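Keep in mind the model is a prediction, meaning the values are calculated, not measured.
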Protein chains: 2
Amino acid sequence: MRLVIATCEVDYAGRLSAHLPKATRLLLVKNDGSVLVHSDSGSYKPLNWMSPPCTLIEKDDQWTVKAKSGDSLIITIHEIHSDTSHELGIDPGLTKDGVEAHLQELLAAHLDTIGPGLRLVRREYPTPIGPVDILARSSEGGTVAVEVKRVVEISAVEQLTRYLDLLNRDTKIAPVRGVLAGNVVKAQARTLATDRGIRCVVTDYDELRGLTDPTERLF
Amino acid sequence: MRLVIATCEVDYAGRLSAHLPKATRLLLVKNDGSVLVHSDSGSYKPLNWMSPPCTLIEKDDQWTVKAKSGDSLIITIHEIHSDTSHELGIDPGLTKDGVEAHLQELLAAHLDTIGPGLRLVRREYPTPIGPVDILARSSEGGTVAVEVKRVVEISAVEQLTRYLDLLNRDTKIAPVRGVLAGNVVKAQARTLATDRGIRCVVTDYDELRGLTDPTERLF
DNA sequence: GGCTACATTTCGCCT
DNA sequence: AGGCGAAGTGTAGCC
């Protein structure tokens, strides 16, 4: 990893065109060839960058970073204030816990939190337009399709509506009712869902996790 | 901006939990308090980070970064290989050309590329569920709602369908037909759009730009 | 402040 | 490789 503090201008040409006027910035060159241009604020996203795989050619005061697609990043160096390199080695990577997949697992294991008498058919039930998060049989004989989201927004209502339209054409499982489950249900999503006869269930991730054997979740 | 090369472990607790085992990484501390943990590969996204506003407390070999929301990033330092600071000043920021907003402007100025005899009603036509990119009057008396995307995907069809449902209830402008316009139209989006009577138009950004007075587009 | 939509989104999974 | 959905998304614009 190479770290350069430099006064520079940057021009990107690719899916769009972008220009950075002359200023002092951090140029971060990674071992995989990627280049990041960071300012001293903003967030984790660089002002400009080139993703790997790409090649960096330095010629006088001009750096040219090119990707196979033809995207190019041209950095004009006006002054270099610092230029250091460090050997980091490969990173063992990140382990995560708490994303939608886990909420889906927990809900599938505790279908009673969605409704009484439900029996799991399967998670990620495949359809031609994508997998339904949870499909379950109701004690009354019908089917329930559950769409799981950390935050239920209007797009989740649309998504589940598409699934329901399709699933209800299958006479082996129809009628299929819809349920949206999430830790947060946005007001507008709830309104649209209710209008379409879709029920919303507010889940509690911590509570659900408490119901499961805690030894399963340690890392 | 402070740049630290350190052998460290990182734990994040917030919207999810994440852990980074001991390894050598770049710790980037920006002037606004944000912290980025970068490895030597990946892309522009850090392995772990804390967005501003947040506070960094260093106590012995432990860095604690806390956000108002309660999110926390705990960095355990095993060894510091380098620790430098640099004054960068504020950045003048990025100018862009070629984003959706520009495509919308160009299309509104050249409605003939969408269909003959169209007259602009307005761009960003407001509705209760969001703005319609372009609303135009057809020479036959009806209305045309145009959704503009750089890349037209299935979600654009859903979005325009919602607008059309709503707009067609307004007797002053009904009937309203839908048009999807973009530089790229994905096959599945085209299929769904056609099925719903929505026409797709493939635009050419460079060609559209050429139709406009070029002096307007320089930066 | 809430909500919507855009992004050089990136990332990961699955076909 | 391409399609599709999720993201600790971030960010800007509008109401």
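Comparing the same atom, P, in C:dA5 and in D:dG8 gives a spacing of 22 Å after rounding to whole Å.
Residue B:M50 is classed as a base contact, given a heavy-atom separation below 4.0 Å to a base. Nucleic acid contact class of B:E153 (heavy atoms, under 4.0 Å, all strands): none.
Distances from the side chain of B:E147 to the nucleotides D:dG8, C:dC6, D:dA6 place C:dC6 closest. Taking every side-chain heavy atom of A:K96 into account, D:dG8 is the closest of C:dC6, C:dT4, D:dG8. If you check D:dG5, D:dG8, C:dA5 against the side chain of A:Y163, the one that comes closest is D:dG5. Taking the side chain of A:N48 as heavy atoms from C-beta on, and the options D:dG10, D:dG5, C:dT8, the nearest nucleotide is C:dT8. Residue A:Q188 places its side chain closer to C:dC3 than to any other of C:dT10, C:dA7, C:dC3. The nucleotide whose nearest atom lies closest to any side-chain atom of B:P131 is, among D:dA6, D:dT11, C:dA5, C:dA5. Side-chain proximity of B:R15 to D:dT9, C:dA7, C:dT10: nearest is D:dT9.
Distance, B:Y44 OH to C:dT10 C1': 5 Å, rounded to whole Å. Here the P atom of nucleotide D:dA7 and the CD atom of A:Q159 are 12 Å apart, to the nearest Å. In this structure, A:D97 atom CG and D:dA7 atom P are separated by 13 Å, rounded to whole Å. Between A:L47 atom CG and D:dT11 atom P the separation is 11 Å, expressed in whole Å. Rounded to a whole Å, the CD1 atom of A:I154 is 17 Å from the P atom of C:dG2. Here D:dG10 presents its P atom at 12 Å from CG of B:L36, a figure rounded to the nearest Å. Rounded to an integer number of Å, the gap from B:Q104 CD to C:dT4 P is 19 Å. At whole-Å resolution of the value, CD in A:E100 and C1' in C:dC11 are 14 Å apart.
Mapping B:V99 and A:A187 onto DNA chain C via the closest heavy atom, the residue that lands nearer the 5' end is A:A187. Nearest-nucleotide mapping onto DNA chain D: of B:K186 and A:K149, the residue sitting toward the 5' end is B:K186.
Neither OP1 nor OP2 of D:dG8 sits under 4.0 Å from any side-chain N or O of A:R150. Contact annotation: A:R162 reaches the phosphate of D:dG5 (side-chain N/O to OP1 or OP2, under 4.0 Å). Within the 4.0 Å cut-off from OP1 or OP2 of D:dG10, at least one side-chain nitrogen or oxygen of B:S51 is found. The side chain of A:K45 places an N or O atom within less than 4.0 Å of a non-bridging phosphate oxygen (OP1 or OP2) of C:dT8.
Side-chain atoms of A:S39 never come within 3.5 Å of backbone atoms of B:D91 as a donor-acceptor pair (strictly under, hydrogens ignored). When atom types are taken as modelled, the side chain of B:T7 and the backbone of B:T24 share no donor-acceptor pair closer than 3.5 angstrom.
Of the charged side-chain nitrogens involved, none lies within less than 4.0 Å of a carboxylate oxygen, so that B:K30 and B:D32 do not count as a salt-bridged pair. One finds no salt bridge joining B:D165 and B:R162 here, because no Lys/Arg side-chain nitrogen approaches an Asp/Glu carboxylate oxygen to under 4.0 Å.
Counting only N and O atoms by type, the side chains of A:K96 and A:H102 include no donor and acceptor under 3.5 Å apart. The closest side-chain donor-acceptor pair between B:Y163 and B:D133, if any, does not fall under 3.5 angstrom.
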